[in-house]
A.B. asks: 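Okay, here's the structure, questions in a sec.
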Amino acid sequence: MTLTKKIQGLKMRLTQIVRCPNCGSQCQRHYFTNNQLVQTECNECDYLMVNCSRTGKVVEAYAPGINANYG
């Protein structure tokens, strides 16, 4: 697990390398502290999930062929 801190203006973002919940490949999870959003994205299977870090509610989701056999 790798964490990277990036500061853009006054906005802080943490980036974490995790396994994709859809295909299992390595993907990125971004934590945006200024608006309490968590975005998980996979370049391998085009998975995207954006949710509120406070409530857990899904803001946006896109997963074509979810749980399809990749590889």
Side-chain angles (χ1 to χ4, degrees):
M1 182 169 33
T2 304
L3 286 176
T4 305
K5 290 184 181 180
K6 296 182 179 180
I7 299 176
Q8 299 173 352
L10 297 176
K11 304 171 187 174
M12 185 184 283
R13 180 179 82 184
L14 294 171
T15 300
Q16 184 179 24
I17 304 300
V18 297
R19 290 287 177 188
C20 175
N22 187 39
C23 70
S25 298
Q26 283 191 347
C27 68
Q28 294 184 350
R29 182 169 291 151
H30 304 283
Y31 298 89
F32 298 96
T33 57
N34 61 326
N35 56 8
Q36 299 179 334
L37 291 179
V38 177
Q39 174 179 311
T40 304
E41 59 184 349
C42 179
N43 291 331
E44 215 41 54
C45 69
D46 205 23
Y47 174 88
L48 172 72
M49 176 72 71
V50 180
N51 59 333
C52 176
S53 63
R54 190 172 45 86
T55 64
K57 290 185 179 181
V58 175
V59 175
E60 184 177 349
Y62 179 72
I66 195 158
N67 295 323
N69 185 11
Y70 289 94

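In this text the structure is predicted, and so the values were computed from the model without any measurement.
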A.B. asks: Do Cys27 and Asn43 come close enough that some side-chain heavy atom pair is under 4.5 Å?
C.D. replies: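 The answer is no, as the side chains (C-beta and beyond) never meet within the 4.5 Å cut-off.
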A.B. asks: Check side-chain contact (heavy atoms from CB on, under 4.5 Å) between Gln26 and all other residues, then give those that pass, not counting sequence neighbours.
C.D. replies: Ile17, Arg19
A.B. asks: Roughly how far, to the nearest 0.5 Å, is CD of Gln16 from NE2 of His30?
C.D. replies: 11.0 Å
A.B. asks: For residues 50-61, please give each side-chain donor-acceptor pair under 3.5 Å, one per line with the distance, not counting sequence neighbours.
C.D. replies:
| residue | atom | partner | partner atom | Å |
| --- | --- | --- | --- | --- |
| Ser53 | OG | Gln36 | O | 3.2 |
| Arg54 | NE | Gln36 | OE1 | 3.2 |
| Thr55 | OG1 | Lys57 | N | 3.2 |

A.B. asks: To the nearest 0.5 Å, tell me how far Gln28 CD sits from Cys20 SG.
C.D. replies: 12.0 Å
A.B. asks: Measuring from atom CD of Glu41 to atom CG of Leu48, what distance do you get when rounded to the nearest 0.5 angstrom?
C.D. replies: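 These two atoms lie 7.0 Å from each other.
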